[in-house]
Amino acid sequence: MPETRHSVCALDCPDACSLLIDVDESGRGSKLRGNPEHPVTRGFLCGKVARYLERQYSPDRLLHPLRRVGGKSDCPRFARIGWEEALDEIAERLHSAAAAFGPESILPYSYAGTMGLLNGSSMDRRFFHRLGASRLDRTICSSAGGAGLTDALGVRYGVEPEQFRNAKLIIAWGANILATNVHLWPFILEARRNGARFYTIDPHRNRTGHLADRHYSIHPGSDTALALAMMHVIIGEGLEDRDYVARHTLGFDDLKARVRKWTPARAAELTGIPAGDIVQLAREYATTRPAAIRLNYGVQRSERGAMAVRTIALLPALTGAWRDAGGGVQLSTWQAFHLDRTPLERPDLQQASPLRREARLVNMSQLGEALTSLNDPPVKAMVVYNSNPAAIAPDQNAVRRGLRRSDLFTVVIEQFQTDTADFADIVLPATTFLEHTDIYFAYGHYYLQLARPALAAPGEALPNTEIFRRLAARMRFAEPCFRDSDEDMLHQLLADPAHPFVAGVTLDQLDSQHFLRLNIGDVFRPFAEGGFGTPSGKCEFHAETLDYVPPLESRHGDSELLARFPLELISPKNSDSMNSTFGNRADTDSQTSILTLHPADAAARGIETGDAVRVFNGRGECLLRAHVGDAVSPGVVSVPSGRWPKRAGDGNTVNVLTSRRLTDKGGGPVFYSCLVEVELLEAEKANA
Ligand SMILES: Nc1nc2c(c(=O)[nH]1)N[C@H]1C(S)=C(S)[C@@H](COP(=O)(O)OP(=O)(O)OC[C@H]3O[C@@H](n4cnc5c(=O)[nH]c(N)nc54)[C@H](O)[C@@H]3O)O[C@H]1N2
Ligand SMILES: Nc1nc2c(c(=O)[nH]1)N[C@H]1C(S)=C(S)[C@@H](COP(=O)(O)OP(=O)(O)OC[C@H]3O[C@@H](n4cnc5c(=O)[nH]c(N)nc54)[C@H](O)[C@@H]3O)O[C@H]1N2
Ligand code: SF4
Ligand SMILES: [Mo]
């Protein structure tokens, strides 16, 4: 009889599914499924994780420490070494980099390969803080949107997923729900069965858009103009909720004056959405209750992404949508998990480092620049874990130039031999979330979760926590916190949860119940009675700073650039991977190798579906297959992201095209403000 164990999906996904895994007598996992008892993730898994055991037991798992044989420009070759040897060499190289160039010449590089707090941000942070290493500004995903949401609401949480079932109008705004947030979908279906309308606002009509009652095809990076024009209509027609505005907002009169010039006609020109549709959408939004906006991170990967999120997030305060269960906006729920993480991360250890101060901050979205042109000191050693920058960071050619430096010592802690691992001097094998203990917040629901190891680790793979614990011992860090076990750290995190949302949460409870609802009441209406996280406690419009400027790389941007590269490229998530995490699977390639372009743009270039095309701009080029279709508007091309460069014929992915420029706020990458040109590949022309 197989035994059923509990786990939690650790991938960087808003849903944070509660999992059940059947384990046979030999300890082998035989079936992975959703836990039917979890109120949000309700017993089903997305397609990619339903097959996670393939990854778990893949013959390609990294099982032993490896040392590079040969140079960084050569074909990557590695030889197996022991843990002791690997740790000694790393400690020695980190010591010598710190001695010669100062500890800030060492750079950690990590993101959300696992969302577990222990393996994502505990012993690793302690280690780098004590070392005095550069701090990494973790901007690659959501920092622009986080800044925009904070400007609007003062906190980063919103409508709970369960309440979407009560909505009568649901707008997926830059949110590909079926691909990236599939556990919200049943709540949307329930709402629709009860008469709700479901609209999408997106430059790409993907599967979610195809299933919508209406799809608004918007030009990339122009959402702020749409939101301002909606405000123009709402206020112009007196559809705002006067009572809510009076009691819970600040600056309405200025806002009214500000949006007067934002006519639907003006927004139509910038967004590509007809003025009549904008008027209709604004009226419906203001007069339908409850009205929920699922805003996702797609809108904030453009040059003024923070402003876009901020402006959209102001809408429900104007219409009073926050009053209703199922009314408001949700971008993230993360900040409701009010557990203090400083005991895990111990930033105070920086004072015990040779620097005796806070170390410099390096923006992860400009890794290429950091590795090729940073001085005082240059980066001489890098430790990568929970991330695959050679595939996912913008300006891929610059990133690779940096990773190829023969004087850069690189450690990569990984489950698989990624493109990043190919540049490593030392590769260390990491466990998966099924093999280690961890605790999980979520960014798409309000349940705190704990998972214990369900399976034994293969070969010599170790959890990140243990790897940094052993490295700390090698570096002779004397502080007792470097000997804390994972269990100790869990106790430290849960020592005295003070905030009402988490008050009384204990490790025992988490161990026995697996998931715990935060103390937010049965029905969470976060701002029904105001209570915003702003200094005034009100939703502050600050109209004087609300404005829209088109991205430099867009159809209304730099005309010289546009003349050479006339197409706007977006590279959203593919539906069958998790960023590059499943990029080693052939079915990921079948999505990430395809460029969708509009029939008019295709005809002008003599391109047909199935043709090989060259996509290029001033930063690089990559070869893809064309798919001609009207899921995108003229002037827009779309390529799903997440490809492994080494699986592409030319070794390049869309990220050779994306720029190192940063967003208006939050220092985020501008993946979706990217001008390119597309042409039929010469060979295909010759064949024609
Ligand atoms: N299957 C799958 N699921 C995932 C991931 C994955 O890689 N694959 N990644 C996870 C991660 S890391 C994240 S951050 C989340 C992200 O989840 P989402 O934010 O939902 O995903 P994105 O694909 O980044 O963007 C969402 C949508 O925004 C659209 N979009 C692009 N530019 C614009 C614009 O200017 N305006 C508007 N209105 N829409 C725009 C895209 O076409 C896309 O349909 O998903 C998580 N879930
Ligand atoms: N063009 C384009 N580029 C993008 C995006 C886009 O939309 N378009 N999206 C961006 C976004 S939103 C994000 S979040 C980033 C994501 O970029 P990354 O954070 O780099 O995410 P992944 O590509 O999933 O790589 C995570 C790696 O962590 C490893 N890993 C998983 N668990 C563990 C563990 O416990 N220990 C260790 N040591 N390793 C582990 C996995 O094997 C995997 O290789 O990509 C960004 N890049
Ligand atoms: S990737 Fe997301 S939807 Fe899929 S199992 Fe993990 S948490 Fe659930
Ligand atoms: Mo992300």
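Small disclaimer: the values here were computed from a predicted structure and weren't measured. We count ligands from 1, going down the list as the structure has it; atoms in each ligand are counted the same way.
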Original post:
So which bit of N181 gets within less than 4.0 Å of ligand 1, heavy atoms only: side chain, backbone, both or neither?
Top reply: neither
**OP:** Of the side chain and backbone of K573, name the one, both, or neither that has a heavy atom under 4.0 Å from an atom of ligand 2.
**Re:** side chain
Original post:
Nearest protein heavy-atom contact for atom 40 (C) of ligand 1: which residue, which atom, what distance?
Top reply: P203 CD, 3.2 Å
**OP:** Consider ligand 2: state whether an atom of it lies below 4.0 angstrom from any non-hydrogen atom of T431.
**Re:** yes
Original post:
Just which atoms of ligand 2 are under 4.0 Å from any heavy atom in H436?
Top reply: 35 (O)
Subject >> Per-residue contact class, C141 against ligand 1 - non-hydrogen pairs under 4.0 Å >> reply: side chain
Subject >> Options Y297, F582, Y443, ranked by nearest heavy atom to atom 15 (C) of ligand 1, top entry >> reply: Y443
Original post:
Can you list the atoms of ligand 1 that are under 4.0 Å from a heavy atom of W173?
Top reply: 38 (N)
Original post:
Does any N/O atom on P220 come nearer than 3.5 Å to any N/O atom on ligand 1?
Top reply: no
**OP:** Report the part of N296 in contact with ligand 1, treating N, CA, C, O as backbone and CB onward as side chain, heavy atoms under 4.0 Å; options are side chain, backbone, both, neither.
**Re:** both
Original post:
Quick one: does G221 get within less than 4.0 Å of ligand 1, heavy atoms only?
Top reply: yes
**OP:** Could you check which of N579, V632, D15, L178 puts a non-hydrogen atom nearest to atom 7 (O) of ligand 1?
**Re:** N579
Original post:
When you measure from atom 43 (C) of ligand 1 to each heavy atom in N574, V49, D202, D223, which option holds the nearest one?
Top reply: D202
Subject >> Side-chain ion pair, D486 and R469, N-O less than 4.0 Å >> reply: yes
Original post:
Would you say H219 and ligand 1 have an N/O pair spaced under 3.5 Å apart?
Top reply: no
**OP:** Just need the protein heavy atom nearest to atom 24 (O) of ligand 1, so name the residue and atom and give the distance.
**Re:** R301 NH2, 2.8 Å
Original post:
Out of curiosity, is G642 lining ligand 1, as in a heavy atom under 4.0 Å away?
Top reply: no
Original post:
Can F671 be said to touch ligand 1, with heavy atoms closer than 4.0 Å?
Top reply: no
